[in-house]
Participant: 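The following block contains the structure, expressed as structure tokens.
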Amino acid sequence: MKKILALSAAFTIAFSLCGCGSESSKSEPSVSVPASSAEKLSPADQLLEDVKGTYDELFTVICDSKYDQIWLDKCEAIVGKDKAESCAEMLKKACTGNIYGDEAAKKYADAEDAQFDCYFINGVNQLTFSGSKISGLDESGKKVFEHEYKYVKDLSLGGMMNGYLYETADKDAGEFRYFFMMPDTPATTYHIEFRYGSDEDALTKYNEGAYAYWLAAGIPTNCDEKMIDDVIGLFCEENLADMGSEESSSSDSCEAKVTLDGAELTEQAGKTDKMYESADQSGEAENEEKSAA
């Protein structure tokens, strides 16, 4: 599970769980292979196989009040009882925004109270991945879209996260023309992450354009209590681990320094005014800070 991050001068917040992408397949010599032998898939095609299933919105599921105690327990194990509640609220708030695109970019221009919208958009309530076919249903169970997709190329999200871009040839796809999938799978990080839309360039940007401050996250509809416990635990551990050594602090607020590929964010949870700070994105600053600690 990767971490909440801050980007550039705007110090935008994002939620990202670390995925384990498959290694690229090596070229094989042209030889006769028994028909029963399985053909090795490319990493991009393998990902579509690994995420087969139907998904609900991750944060709609794990932020249900019935899981509040899991959040508190996971946070308390890392930062102590006094800070557990504020840290849990901080982590959940960062990923439960309800606006994205130009509206979010304008609202979060000063970086205060920035949030990511990690829900499904454009009328989709549930998504199903069936190999190369992806479809979505609305709240009433009515089909919103269904298209076949093919891998186009590797793509980077703001230079911070790498994934795979898929495109449908259907001319009527509209805002479902592209799917930009991160390499997360239920088997590796207990969830999936992705974006979809009609503008390839905009899909690569965190804090500007049509999809600013939006990164969808899903969890299998048939997830069990263990998977929910695991995904909450992984999220808390990756984002709060650095606070373990600060447990003895007299402050009862949650001051979390969370990073992704060198970008650093500081949030004072429980205070009216929140301040976000970002470190050098080269990754060296982060490593030096951890060594000093």
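FYI, side chains are in, hydrogens and waters are out, and symmetry mates aren't considered; it's all heavy atoms of this structure.
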Participant: Would T221 and D56 count as having a side-chain donor-acceptor pair, cut-off 3.5 Å?
Facilitator: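 Side-chain D/A pair, T221 to D56: absent.
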Participant: With rounding to the nearest 0.5 angstrom, report the NZ to SG distance, K74 to C87.
Facilitator: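 Spacing of NZ (K74) from SG (C87) equals 15.5 Å.
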Participant: Tell me, do L58 and C118 make a side-chain contact under 4.5 Å, heavy atoms counted?
Facilitator: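 A side-chain contact is absent here, since even the closest heavy-atom pair is not under 4.5 Å.
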Participant: If I take atom OG from residue S42 and atom CG from residue D45, how far apart are they, to the nearest 0.5 angstrom?
Facilitator: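 S42 OG to D45 CG: 3.5 Å, rounded to 0.5 Å.
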Participant: Could you go through the salt bridge (charged side-chain N to carboxylate O under 4.0 Å, His left out) check for K226 and D230 one step at a time?
Facilitator: CA-CA 6 Å; K226 183 179 186 305; D230 286 340; 2.9 Å; yes
Participant: Does any non-hydrogen side-chain atom of D117 lie less than 4.5 Å from one of I99?
Facilitator: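 In short, these two side chains do not touch, never coming nearer than 4.5 Å.
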Participant: Counting the benzene-type ring for Trp, do F129 and Y55 have ring centres under 6.0 Å apart?
Facilitator: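 Yes, the ring of F129 comes within the 6.0 Å limit of the ring of Y55, centre to centre.
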Participant: Kindly say whether E225 contributes a backbone atom to a donor-acceptor pair with the side chain of D229 at under 3.5 angstrom?
Facilitator: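 No.
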Participant: Give a yes or no on whether a salt bridge exists between K52 and E49, defined as a side-chain N under 4.0 angstrom from a carboxylate O.
Facilitator: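 Judged by the 4.0 Å cut-off on N to carboxylate O distance, K52 and E49 do form a salt bridge.
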Participant: Evaluate the side-chain proximity of L137 to K142: yes if any heavy-atom separation is below 4.5 Å, no if none is.
Facilitator: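 Counting from C-beta outward, K142 and L137 never come under 4.5 Å.
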Participant: Quick one: do W214 and Y196 satisfy ring-ring contact (aromatic ring centres under 6.0 Å, His included)? Show the steps, please.
Facilitator: CA-CA 10 Å; W214 172 61; Y196 48 85; 5.1 Å; yes
Participant: Between R177 and D170, is the closest basic N to carboxylate O distance under 4.0 Å?
Facilitator: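 Not counted as a salt bridge, because no side-chain N and carboxylate O are separated by less than 4.0 Å.
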Participant: To the closest 0.5 Å, what do you measure between CG (L240) and NZ (K83)?
Facilitator: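 Between atom CG of L240 and atom NZ of K83 there are 10.0 Å.
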Participant: If you round to the nearest 0.5 Å, how far is CD of E89 from SG of C63?
Facilitator: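 Answer rounded to 0.5 Å: 8.5 Å.
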Participant: Verify, without hydrogens or angle tests, whether D64 (side chain) and Y67 (backbone) share a donor-acceptor contact under 3.5 angstrom.
Facilitator: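 Checking the backbone N and O of Y67 against the side chain of D64, no donor-acceptor pair under 3.5 Å is found.
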Participant: If every non-hydrogen atom of D184 is compared with every non-hydrogen atom of V51, which pair is closest and at what distance?
Facilitator: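 In terms of heavy atoms, the two residues are closest at O-CG1, 3.7 Å.
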Participant: Taking the six-membered ring where the residue is Trp, are the ring centres of Y108 and Y213 under 6.0 Å apart?
Facilitator: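 Judged by ring-centre distance (under 6.0 Å), Y108 and Y213 do meet the cut-off.
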Participant: Kindly determine whether E175 and Y211 satisfy side chain to side chain donor-acceptor pair (under 3.5 Å), including the steps that lead there.
Facilitator: CA-CA 11 Å; E175 283 301 309; Y211 314 112; 2.7 Å; yes
Participant: Working to the nearest 0.5 Å, report the span between NZ of K93 and SG of C95.
Facilitator: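 Answer rounded to 0.5 Å: 12.0 Å.
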Participant: Measuring from atom CE of M182 to atom CE of M161, what distance do you get when rounded to the nearest 0.5 angstrom?
Facilitator: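 So the gap between those two atoms works out to 4.5 Å.
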Participant: More than 12 heavy atoms of other residues, nucleotides or ligands under 6.0 Å from CD of E85: yes or no?
Facilitator: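 At most 12 heavy atoms, drawn from other residues, nucleotides or ligands, come within 6.0 Å of this atom.
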Participant: Identify whether L72 and V79 are in the same connected component of the hydrophobic contact network (ILVMFWY, side-chain heavy atoms under 4.5 Å).
Facilitator: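 Looking at the clustering, V79 is in a separate group from L72.
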Participant: Y164 versus F194: any side-chain heavy-atom pair under 4.5 Å?
Facilitator: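 Not touching, per the 4.5 Å side-chain cut-off.
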Participant: What closest approach, in Å, do L215 and R195 show between heavy atoms, and which atom pair accounts for it?
Facilitator: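 The answer is CD1-CG, 4.0 Å.
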Participant: Taking the side chain as every heavy atom from C-beta outward, state whether W71 and K92 have any atom pair closer than 4.5 Å.
Facilitator: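 Yes - at least one pair of side-chain heavy atoms lies under 4.5 Å apart.
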Participant: Report yes or no: does E57 contribute a side-chain atom to a donor-acceptor pair with the main-chain N or O of F120 at less than 3.5 Å?
Facilitator: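 Looks like yes, one N/O pair under 3.5 Å.
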Participant: Spell out, yes or no, whether L234 and F59 are grouped together once hydrophobic residues are joined by side-chain heavy atoms under 4.5 Å, including indirect joins.
Facilitator: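 Yes; tracing contacts between hydrophobic side chains, which count when under 4.5 Å, links both residues.
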Participant: Would you indicate whether the side-chain heavy atoms of F235 and H191 approach each other to under 4.5 Å?
Facilitator: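 Sidechains of F235 and H191: no contact.
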Participant: Can you name the closest pair of heavy atoms from C236 and C75 and give their distance?
Facilitator: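 Shortest heavy-atom separation between C236 and C75 comes out as SG-SG, 3.8 Å.
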Participant: Which pair of non-hydrogen atoms, one from T168 and one from H147, has the smallest distance, and what is that distance?
Facilitator: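 That would be OG1-CB, 3.4 Å.
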Participant: What I'd like to find out is whether the side chain of F145 reaches to under 4.5 Å of the side chain of I134, using heavy atoms alone.
Facilitator: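 Result yes, sub-4.5 Å side-chain heavy-atom pair found.
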Participant: If every non-hydrogen atom of P220 is compared with every non-hydrogen atom of M227, which pair is closest and at what distance?
Facilitator: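 Of all heavy-atom pairs spanning P220 and M227, the closest is CD-SD, 3.8 Å.
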Participant: For a quick test of your reading: what N or O donor-acceptor pairs under 3.5 Å do the side chains of residues 149-157 make, sequence neighbours left out?
Facilitator:
{"unit_1": "Y149", "atom_1": "OH", "unit_2": "F176", "atom_2": "O", "d": "2.4"}
{"unit_1": "Y151", "atom_1": "OH", "unit_2": "D154", "atom_2": "N", "d": "3.0"}
{"unit_1": "Y151", "atom_1": "OH", "unit_2": "D154", "atom_2": "OD1", "d": "2.5"}
{"unit_1": "K153", "atom_1": "NZ", "unit_2": "E200", "atom_2": "OE2", "d": "2.5"}
{"unit_1": "S156", "atom_1": "OG", "unit_2": "G159", "atom_2": "N", "d": "3.1"}
{"unit_1": "S156", "atom_1": "OG", "unit_2": "N162", "atom_2": "OD1", "d": "3.4"}

Participant: Hey, are the side chains of L127 and V124 touching, using non-hydrogen atoms and a 4.5 Å cut-off?
Facilitator: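 Yes, at least one pair of side-chain atoms sits under 4.5 Å.
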Participant: Of the non-hydrogen atoms in L165 and L203, which two are nearest, and what is the gap between them?
Facilitator: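 That closest heavy-atom pairing would be CD1-CD1, 4.5 Å.
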